[in-house]
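Before any comments, here is the structure.
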Amino acid sequence: MKGFLIFFLFLSINIFAQIPTQPKDPATKDPFFTDPKKNSQGEKVKLIHSDEFGVVKGKYDDNPFFSGNVEFSHQGSILTADEVIFYREQNFVKAIGNVKLQNADGSVITSGEMEYDGNTQKGIARKNVLLTDPGQTIKTETLYYDRLSNKAYFNTGGTITKDGNVMYTKVATYDLNSRLIDFTGNVKIDNPEYTVEGVNIVQNQNTNTATFNGATTITNKKNPSNLIYTEKGTYNMNSKEVFLKKNSRIHYNGKILTGDDLYFNQITGFGTGKGNVTLRDPLEKRYMKGGYGEIYEKKDSAMMTEKPYAVKILEKDSMYFSADRILAYQKLDDKNPLKKKSFLRAYKKARMFKSNIQVRADSLSFNETDGIMHLDGSPIAWSGEKQITGDKIEAYFDTENEFIDSLRVIGNAFAISKADSLNMKDEFNQVKGKLMTVYYEKNDVKLAKVIGNGQAITYADDQNEKTKEVERIGVSLSTCGTIEAEFEDRKVQIISCTIGANVDTYPMSLISSKQRFFPDFNWNTKDRLRTWRDIFVDSPDYEEIKYQSDDVLYNAAQKKIDDAKVKEEAQKPKRVRK
């Protein structure tokens, strides 16, 4: 397009110097041609051919014209038209009818009319203007050209076609030196795979990249719900890579990725986000946040790091997750390939908060579809005033009713329950064994079943018939192959103890505080998550609760025993050495 209207630059008055007739009226020129700084005339051109030449009174305001297969040339550029009118005093020409300009750089312009001012070196092509440049075409009704700045533009609406892309815009400016096209006003780029719509797009024809200024949307044609929105960004049309810098969103597979700085490759489906990254999944009612994130569209997975957390939005009670790294993904259901299952994984320092259960572990894996959660690496779970630990914990949730159904503890299973949460005594019911299943009822621990090396320490209470108050009567030590312990209110009752069963119940006066705890007792109040915000720290580091040891009855009984021993020793005859 470099040679656009270049012939006008060299327009000469020599050709017309032999014409005796002077123009009657000057041309009425578009304000675009006004340039007070430019007064010199341009170079001369060479007339190759015209069928007719002359002046007809009343035609073209009595100005001279060439007509019939008119052809001019200069330095390799050829202009053809039905007629060319020359305003000699103004160094201004008009070409009318089937106008065609063939430039030396290979670009071609066709239009119904062309005008050129040899002094300002500006030109205008009108009526069905078509510019064909190597690899692209421009269509518009009026095209303006300034040879000094080597820029062309239109403001009447037009289309630009290049490499299968069709660009529609109200206004466009084309810099022939840098090969930049600046589109403004209802811009639309149509591609076989996508459409781009925005208010201002600058396209670099050399690199085939587009810069977005203002609200812009890139929509996937096969799946219109997959789209990209930004208010500032860059798009490489060759590699299909987009770099987004302001108020940006990437919509894919029903999910929405936002962040301060986003990147996405439409070919590979890989994207990244930096700074205030959020990935929303409305279908799963879940969102993830972090300082850095990655998405894999084709694998339907995403990863979040830099203080990441995830929220599973439930109608009654949401779930909050945190870890050093969080991964969310979907895969086909083995039983039904038409359906997908959703998974959430958290690695290193995994934490989860729900009002009726809180967990900590080194890693966490949650099957959101089936409601199965796996906890590995020193897992610990709290429910009310109950704590459960083991080598591995599996939690089962009722996804429809949004409550926890049960826990399965594998290896060194240990359940602890405060015997009476209303006092500060160090009294805890304890059940442990090789394997344990904990059942919930109405989001509270109801029953624990232990298989293998079952042991239990439980406090026995009874109601005083006279006062109707509950009184502590003793502690039971149970050793069984299998144990079933029922949790009800503030009590734990052993309802089944089989296979090598051995149960001993001691009154409070005959059991010491040391005997009331298993050696690996580990009631943890420091690390427990008490609010959902506790997921953001390695440990809430709450002050350890100090419980009071109640050994009054035991100490009194021991004192009686000791006193009796002393009395008995005193009554024994003493040997006197002679």
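Computed from heavy atoms alone, side chains included, the values below leave out hydrogens, waters and symmetry copies.
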Test item: D398 and Y396 side chains (from C-beta on) under 4.5 Å apart, heavy atoms: no

Side-chain donor-acceptor contact under 3.5 Å, Y235 with E241: no

Flag if over 12 foreign heavy atoms under 6.0 Å of NZ, K349: no

Audit row: N165, D190, side-chain hydrogen bond (donor to acceptor under 3.5 Å, both in side chains) steps and yes/no: CA-CA 6 Å; N165 298 308; D190 199 353; over 6 Å; no

Verdict with supporting geometry, R516 and E427, salt bridge (charged side-chain N to carboxylate O under 4.0 Å, His left out): CA-CA 8 Å; R516 301 200 301 265; E427 299 172 337; 5.7 Å; no

Heavy-atom side-chain contact between V187 and E197 under 4.5 Å: no

D534 and R528 ion-paired at < 4.0 Å: no

Distance flag, aromatic centroids of F428 and Y547, threshold under 6.0 Å: yes

K221 NZ: over 12 foreign heavy atoms closer than 6.0 Å: yes

Aromatic plane relationship, F414 with F521 - under 30° parallel, 30 to 60° tilted, over 60° perpendicular: perpendicular

Candidate pair D317 and S355, rule side-chain hydrogen bond (donor to acceptor under 3.5 Å, both in side chains), full reasoning: CA-CA 7 Å; D317 182 20; S355 65; 2.6 Å; yes

Criterion side-chain hydrogen bond (donor to acceptor under 3.5 Å, both in side chains) on R351 and Y320, from CA distance to verdict: CA-CA 8 Å; R351 296 169 287 278; Y320 300 83; over 6 Å; no

Non-hydrogen side-chain atoms of K446 and E486 separated by less than 4.5 Å: yes

Derivation of the side-chain contact (heavy atoms from CB on, under 4.5 Å) call for M424 and I545: CA-CA 9 Å; M424 297 300 295; I545 298 176; 3.3 Å; yes

Residue pair D362, K348: steps toward the salt bridge (charged side-chain N to carboxylate O under 4.0 Å, His left out) verdict: CA-CA 5 Å; D362 183 62; K348 291 187 178 181; over 6 Å; no

Under 3.5 Å donor-acceptor, T216 side chain and F212 backbone: no

Residues 494-502 side chain polar contacts: donor-acceptor under 3.5 Å, at least two apart:
unit_1, atom_1, unit_2, atom_2, d
T498, OG1, T482, OG1, 2.5

Atom NZ of K240: over 12 foreign heavy atoms under 6.0 Å: yes

Minimal non-hydrogen separation, T169 against V171, with atom names: OG1-O, 2.9 Å

Within 6.0 Å of NZ in K274, more than 12 heavy atoms from elsewhere: no

Any side-chain heavy-atom pair of H251 and I228 under 4.5 Å: no

Contact check, side chains of N186 and Y168, non-hydrogen atoms, under 4.5 Å: no

T209 vs N204, side-chain hydrogen bond (donor to acceptor under 3.5 Å, both in side chains): CA-CA, chis, key distance, verdict: CA-CA 5 Å; T209 58; N204 188 320; 4.8 Å; no

Geometric cation-pi criterion K299 and Y329, 6.0 Å radius, 45° cone: no

Minimum side-chain heavy-atom gap D324-T305 below 4.5 Å: no

side-chain contact (heavy atoms from CB on, under 4.5 Å) between L244 and I250, worked out: CA-CA 9 Å; L244 313 174; I250 297 175; 4.0 Å; yes

K331 to F343 six-membered ring, cation-pi geometry met (6.0 Å, 45°): yes

Within 6.0 angstrom of N423 CG, more than 12 heavy atoms from elsewhere: yes

Trace of the side-chain contact (heavy atoms from CB on, under 4.5 Å) decision for I201 with V196: CA-CA 9 Å; I201 299 176; V196 182; 3.8 Å; yes

Non-hydrogen atoms of K386 and D444 that approach each other most closely: NZ-OD1, 3.6 Å

Sub-4.5 Å side-chain heavy-atom contact between L257 and V277: yes

The single option from Q387, E544, K546 passing side-chain hydrogen bond (donor to acceptor under 3.5 Å, both in side chains) against T525: E544

Step-by-step side-chain contact (heavy atoms from CB on, under 4.5 Å) determination, I295 to Y252: CA-CA 9 Å; I295 60 174; Y252 75 102; 3.3 Å; yes

Charged N-O contact under 4.0 Å between K245 and D261: yes

Ionic contact status for K222 with E193, cut-off 4.0 Å: no

Salt-bridge contact E284-K312 (side-chain N to carboxylate O under 4.0 Å): yes

Residue R325 excluded, over 12 heavy atoms near CZ under 6.0 Å: no

Validation row: L477, T479 side chains within 4.5 angstrom (heavy atoms): no

Plane angle bin for Y309 and F536 - parallel if under 30°, tilted between 30 and 60°, otherwise perpendicular: perpendicular

